[in-house]
Amino acid sequence: MKNAVSYELIKEDSKSKARRGRVTTPHGTIETPVFMPVGTQATVKAMRPEQISEMGAEILLSNTYHLYLRPGHEIIKEAGGLHKFMNWNSSILTDSGGFQVFSLGQLRKITEEGAMFSSHIDGSKHLLSPEKAIEIQNALGSDIMMAFDECIPCDADKVYIKDSLERTSRWLKRCKDYHQDIEKQSIFGIMQGGMHKDLRYQSAMEIVEMDMPGYAIGGLSVGEPKEVMLEVLDYCVDYLPKEKARYLMGVGSPDYLFEGVERGVDMFDCVLPTRIARHGLAMTSHGRVNIKNAKYARDFTPLDDNCDCYTCRNYSKAYLRHLHKSNEMLGAMLLTEHNLHFLINMMKNIRKSIEEDRFLEYKREFYDNYGKF
RNA sequence: GUGGGUAUCGUCAAGUGGCUAAGACACAGGGUUGUGGCUCCUGUAUGCGUGGGUUCGACUCCCACUAUCCACC
């Protein structure tokens, strides 16, 4: 039997651990390294699926926890699966709800069985277990399902981190045992271990032993300083097998993407570009632009003179500022489109630079232009 | 013209004799990283229509003026 999802290594950079590859799923291929836009509630906020396709996105992320609570996974199954429900015919990765164990911290209780949540919508109680998380993701029909894990805060104590990581490994085994149709959907395992090298190693060994089609590095970008994150990431990647896709969860600012690629990561996702767009911030080749700033009131030039996205081809900073200040939804739509285009395009350039064996040169060039992150 | 009301930040306003004059919106900056949240944080009146007066002390009381609103002529 063939796994639904596979990874092919195409080329390695000679001066860094960056690598050019390809992930294949039942819904197509994904050129890596890749940035995956996040569509938590079966929609990338403010975007139509066609727009995201046109930008070149080959995979989206969506969320088990949210879709389970609303509209309910049975309804999505009835609709013919998540792809059909949201009119997205390329690949989908669903997060398992593990992150909500972390982000909705005050509303939950964790046991060996799983995590008991209070719904943030109506306060109702739900148990999310490894089996339940896979059952839901089976109903959604995503190509890549994430194992149910516990994402712990960066200041957790070491004893707790070790207990938690071992539980996450046991949960992965349960996810794997529960899942039946491995030709239709694949599960990625998630490494934990906090900021401790020995625990990261332990976690990696435990999950790699289960021979999953891909592995994610979880529990990073959870509030720790950048240097710590990079140091941990450095050795984490080395603990993962070369022939499988590596996914760094929750990372999406341009600098972190470069640093991740440099260390051998293939996949990234992040709400940052879409969320900050809704809050009036744009990522540009010259750094962040806060469209709310008074200095743009009479700036009739595009957001980014190096960008050929729909927004930059047609609208000025003054207009985008006006839309944002007037609370017009087109403002969020145009900035979201720009930010996603920016990151997707940046990843395209990164892939090209690896193919041409000049990744570090491209990184330096990008950093010089970007200035402050 | 007569009678009555009202005048506090750009706007809407709380305060009613006594510490450094609420709050909201607007404005100005900043944050955001496996999305609960078009959101969160911070800042902004030495000043209470103008001029007098009463008082130890007035945005608060009194007088005049100005502006504005309502009613009547």
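Each chain gets a letter, A, B and so on, in the order the sequences are listed, and its residues count up from 1. What you see is a predicted model, and the numbers here were worked out from it, not measured in a lab.
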side-chain N/O [X] vs [N] OP1/OP2, d < 4.0 Å:
X: K45(A); N: G37(B); value: yes
X: N63(A); N: G34(B); value: no
X: R288(A); N: G30(B); value: no

NA contact type, [X], heavy-atom cut-off 4.0 Å: base, sugar-phosphate, or nothing?
X: L93(A); value: nothing
X: Q192(A); value: base
X: I190(A); value: base
X: G98(A); value: nothing

With no angle test and no hydrogens, is the base of U32(B) tied to the side chain of R278(A) by a donor-acceptor pair under 3.5 Å?
->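 Side chain to base: no pair present.
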Side-chain donor/acceptor contact of S103(A) with base of U35(B) under 3.5 Å =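 Result: no qualifying N/O pair found.
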Under the side-chain hydrogen bond (donor to acceptor under 3.5 Å, both in side chains) test, residues paired with [X] that sit two or more places apart:
X: K77(A); answer: none
X: S316(A); answer: none
X: K292(A); answer: none

Rounded distance [0.5 Å steps], CD in E224(A) versus CE in M229(A) |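 Spacing of CD (E224(A)) from CE (M229(A)) equals 6.0 Å.
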Spatial distance of atom CG (D95(A)) from atom CD (Q137(A)) [nearest 0.5 Å] |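 D95(A) atom CG to Q137(A) atom CD measures 7.5 Å (nearest 0.5 Å).
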Hey, what are the protein-to-nucleotides 26-28 of chain B N/O distances that come in under 3.5 Å?
residue	atom	partner	partner atom	Å
A28(B)	OP1	R321(A)	NH2	2.6
A28(B)	OP2	K325(A)	NZ	2.4

Measure [atom1]/[X] against [atom2]/[N] and give the value in whole Å, please.
X: H324(A); N: G30(B); atom1: NE2; atom2: C1'; result: 13 Å
X: L281(A); N: G30(B); atom1: CG; atom2: C1'; result: 9 Å
X: H66(A); N: G34(B); atom1: NE2; atom2: C1'; result: 10 Å
X: I152(A); N: G34(B); atom1: CD1; atom2: C1'; result: 14 Å
X: K226(A); N: U32(B); atom1: NZ; atom2: P; result: 12 Å
X: L69(A); N: G36(B); atom1: CG; atom2: C1'; result: 10 Å

R22(A) and E8(A) ion-paired at < 4.0 Å |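 Salt bridge present between R22(A) and E8(A).
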Charged N to carboxylate O below 4.0 Å: is that the case for R174(A) and E113(A)?
->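 Yes, charged N to carboxylate O under 4.0 Å.
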L303(A) and I291(A), any side-chain heavy atoms less than 4.5 Å apart =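 Answer yes - side chains close enough.
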Go through the side-chain N and O atoms of Y68(A) and E135(A) and say whether any donor and acceptor fall under 3.5 Å apart.
->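 No - no donor-acceptor pair under 3.5 Å links their side chains.
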Look at the side chain of Q41(A) and decide which nucleotide, out of G37(B), G31(B), U35(B), has an atom nearest to it.
->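 Closest of the options to the side chain of Q41(A): G37(B).
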Any idea which of U32(B), G36(B), U35(B) is nearest the L61(A) side chain?
->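 Ranking U32(B), G36(B), U35(B) by closest atom to the L61(A) side chain puts U35(B) first.
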Which residue pairs pass the salt bridge (Lys or Arg N to Asp or Glu O under 4.0 Å) test with at least one member in residues 299-308 of chain A, sequence neighbours excluded?
->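 Listed once each, the pairs are D299(A)-K317(A).
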Is H279(A) stacked on the base of U39(B), with ring centres under 5.5 Å apart and planes under 30° apart?
->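 Yes, H279(A) stacks on the base of U39(B), since the ring centres sit under 5.5 Å apart and the planes are within 30°.
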Nearest-nucleotide comparison on RNA chain B, the residue closer to the 5′ end among M329(A) and T274(A) |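 On the 5' side of the pair lies T274(A).
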For RNA chain B, what are the stems built from at least three Watson-Crick or G-U pairs in a row, each pair having both distances below 3.5 Å?
->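 The stems that RNA chain B takes part in, listed by first number, are B:1-7 with B:66-72, B:10-12 with B:23-25, B:27-31 with B:39-43, B:49-53 with B:61-65.
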